[in-house]
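In this text the structure is predicted, and so the values were computed from the model without any measurement.
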Amino acid sequence: MRRGRWLALVVLVLAALFAWTGGIYSTSDYRALQDEAQRLAATLDTVRHEVDSMRAFRDSLVRDPEVVERVAREAFGLVRPGEIVVTILPEQADTAVVLP
């Protein structure tokens with residue numbers, strides 16, 4: 001009878017080991033999927049935040065003429081009539097431009 005108990009114990013341990021690591025979806029696969037889900041949730045939160053920021057910027061462009069002017073000046077280099085544009089060039093190490 002002792003041999004039968006040992007055999008049952010070995011079979012039980014092997015079944016538990018197979019259930020833990022084997023089969024179609026093992027515990028390591030489950031954990032990997034959980035990690036992937038957490039990573040994707042964090043990415044989704046980041047994208048949602050970016051979309052909210054873009055919507056707020058779009059709304060400010062529609063409603064606020066000062067924002068439109070700022071974008072026109074910064075992105076497109078537009079100036080008002082009568083304004084003088086001053087462009088500052090970075091100094092190059094080997095040549096220097098001397099203006100009169």
Find out whether [X] and [Y] are in side-chain contact, i.e. whether some heavy atom of one side chain is under 4.5 Å from a heavy atom of the other.
X     : Y     : answer
Val71 : Phe57 : yes
Arg73 : Glu83 : yes
Val10 : Leu14 : yes

| said: Does this structure show an ion pair linking Glu74 with Arg70, if we count only N-O contacts that are shorter than 4.0 Å? | reply: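 Salt bridge flag = yes for Arg70 with Glu74.
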| Heavy atoms of other groups near Glu36 CD, more than 12 under 6.0 Å |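 Buried by this count: over 12 neighbours within 6.0 Å.
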| said: Quick check for you: to the nearest 0.5 Å, what is the distance between Leu33 atom CG and Leu40 atom CG? | reply: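 It comes to 10.5 Å.
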| message | Measuring from atom CZ of Arg39 to atom OG1 of Thr43, what distance do you get when rounded to the nearest 0.5 angstrom? | response |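 One finds 5.0 Å between CZ of Arg39 and OG1 of Thr43.
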| request: With sequence neighbours excluded, give me every salt bridge (Lys or Arg N to Asp or Glu O under 4.0 Å) pair touching residues 45-63. | output: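 Salt bridge (Lys or Arg N to Asp or Glu O under 4.0 Å) check on residues 45-63 returns no pairs.
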| request: Tell me whether Trp6 is reachable from Val13 by hopping between hydrophobic residues (I, L, V, M, F, W, Y) whose side-chain heavy atoms are closer than 4.5 Å. | output: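 Yes, it is one cluster - the side chains of Val13 and Trp6 are joined through contacts under 4.5 Å.
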| request: Could you tell me which non-hydrogen atom of Leu61 sits nearest to which non-hydrogen atom of Val67, and how far apart they are? | output: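 So the minimum-distance heavy-atom pair works out to CD2-CG1, 3.8 Å.
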